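Read the structure below first, then the notes.
Quick caveat, the model's predicted, so the values are computed rather than measured. In what follows, chains carry the letters A, B, and so on, assigned in the order in which the sequence lines appear, proteins first and then strands, with residues in each chain numbered from 1.
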There are 2 protein chains.
Amino acid sequence: MPNLFYSNLIDLKRMMAEFDEHEVRHMLVLRMKPGDFLRFTDGDGKIFSGVLTEIDRKKLTSKAKIQGIESYRRRQERSLGLCIPHSRWSRMKFAIEKSVELGADLLITCRMDRSNFEVGERKIKLFVRNVIKQCETPFFPKVLNFNNLAELLDWCDENVTTLVYLSKDGVSPRKLLDSVNGGNVVLLAGPEGGFSFNELQKLLERSRGMNLGFRTLRFETALLTALIILSYEMNLLWGFEKIEG
Amino acid sequence: MPNLFYSNLIDLKRMMAEFDEHEVRHMLVLRMKPGDFLRFTDGDGKIFSGVLTEIDRKKLTSKAKIQGIESYRRRQERSLGLCIPHSRWSRMKFAIEKSVELGADLLITCRMDRSNFEVGERKIKLFVRNVIKQCETPFFPKVLNFNNLAELLDWCDENVTTLVYLSKDGVSPRKLLDSVNGGNVVLLAGPEGGFSFNELQKLLERSRGMNLGFRTLRFETALLTALIILSYEMNLLWGFEKIEG
């Protein structure tokens, strides 16, 4: 059961917050009513406490009066993200859930040439929101979806310092990190069946290969293993801390 | 679909192998019949190829003639295991599956004071066997089950160099490993709800605490994160290699 709601409509002058359809449905499941106490986040470092003032089960809207504000900051500056290939939902879910729990800052999904499944962007984003609420983190990762590797690479050119793809031909994590000076890192794995020849050629030109060993790992295990090792080496596992409120 | 069967009855003089009920059921599901080619492991570093000579669907027995033998060795000497507290099966399953995939040498399950669920030892062992077959590893981890922490600690006293439990009061992985000189390591996490006061007192006396950061991780995510970090630091991720055959 989530203990934290999310609001993207927060009015600090009037100390009021509004909730969208998805959050209101959750409140209705919990049989919440005006007067009930609740906690919610803006996904950007703040956790609010307040009281529900109205809830409309037809329009699926609700409002709360803000009573307290806590502010948090991340314990680190650098950021690490991952790109999950479209694949069987049970395996994508696992990769999303665990990477949100571990504090990835950026979650990308991308349809690859050998993706046998495709999951709707809306479903992915709602699932991410639910996981975040369960983790009670005040920081939401950025969530993006691309239709193919070319689109992803174009976006990375402008936004990512180092793009790393998992490959048996790559270098060890330590060797890779020795040659990366600061900036943000995004990790990428192929779907079941791996990258296509075409994709591999693009990746060879524009990204770095990293090898996690000679075991056969499922793509989601490999992505998570890489995420944990790089989080550890980049000192990103420490989470966030309260700064005021 | 598993590509590798398991046999614990291998007669190298006669070059014959026998399979137990569990494997025969699998063969029947795959509609295998005498004359069919198959691969199987002894779980101790060998992978055999051979031909099925008989399969009895009533007695649930089958035999194969061995035609080829490949031998493998681990790429490392040290070993790392983990202890999964009895808990909801979906979460235990996840921890077992991923740790087998990542090559943990020892898999212990233990009922803790705050375990709300209990899973039968037979179910755990069969699941481990299925995961191993899917990973196609020729090395089976040792699988043990204990009824409470006291039993586990007694076993560890004789068999484990360093027992590490996950705790916010512990030291960082690097600091912990700096003080561990060789030998094997077993990782332990509490169930949902954590260790009991009684258990914590026992752990304080007989094991070392390790802290993974200030995020709230589910127990299975914490165990897996610790396993990956220690595997990485202890250089255990590299798997196995063929030595002959």
Value rounded to 0.5 Å, distance of CZ in Arg218(B) from CD in Glu97(A): 4.0 Å
Inter-residue atom distance Thr225(A).OG1 - Ile229(B).CD1, 0.5 Å rounding: 11.0 Å
Partners passing ring-ring contact (aromatic ring centres under 6.0 Å, His included) against Phe127(B) (at least two apart in sequence or in another chain): Trp89(B)
Any residue meeting ring-ring contact (aromatic ring centres under 6.0 Å, His included) with Tyr6(A), in chain and number order, not counting sequence neighbours: Phe140(A)
Contacting moiety of Leu217(B), where chain A heavy atoms sit under 4.5 Å: both
Pairs of heavy atoms under 4.5 Å with chain A: top-ranked of Leu224(B), Thr137(B), Leu237(B): Leu237(B)
Which answer fits [X], side chain, backbone, both or neither, if we ask what part of it has an atom under 4.5 Å from a heavy atom of chain B?
X: Leu227(A); value: neither
X: Leu230(A); value: neither
X: Glu136(A); value: neither
X: Leu212(A); value: backbone

Pick from Glu241(A), Glu220(A), Glu233(A) with the largest number of heavy-atom pairs that fall under 4.5 Å of chain B: Glu233(A)
Arg122(A) atom CZ, neighbour heavy-atom count above 12 within 6.0 Å: no
Any side-chain heavy-atom pair of Arg215(A) and Arg75(B) under 4.5 Å: no
Ring geometry between Phe94(B) and Phe94(A) (parallel below 30°, tilted from 30 to 60°, perpendicular above 60°): tilted
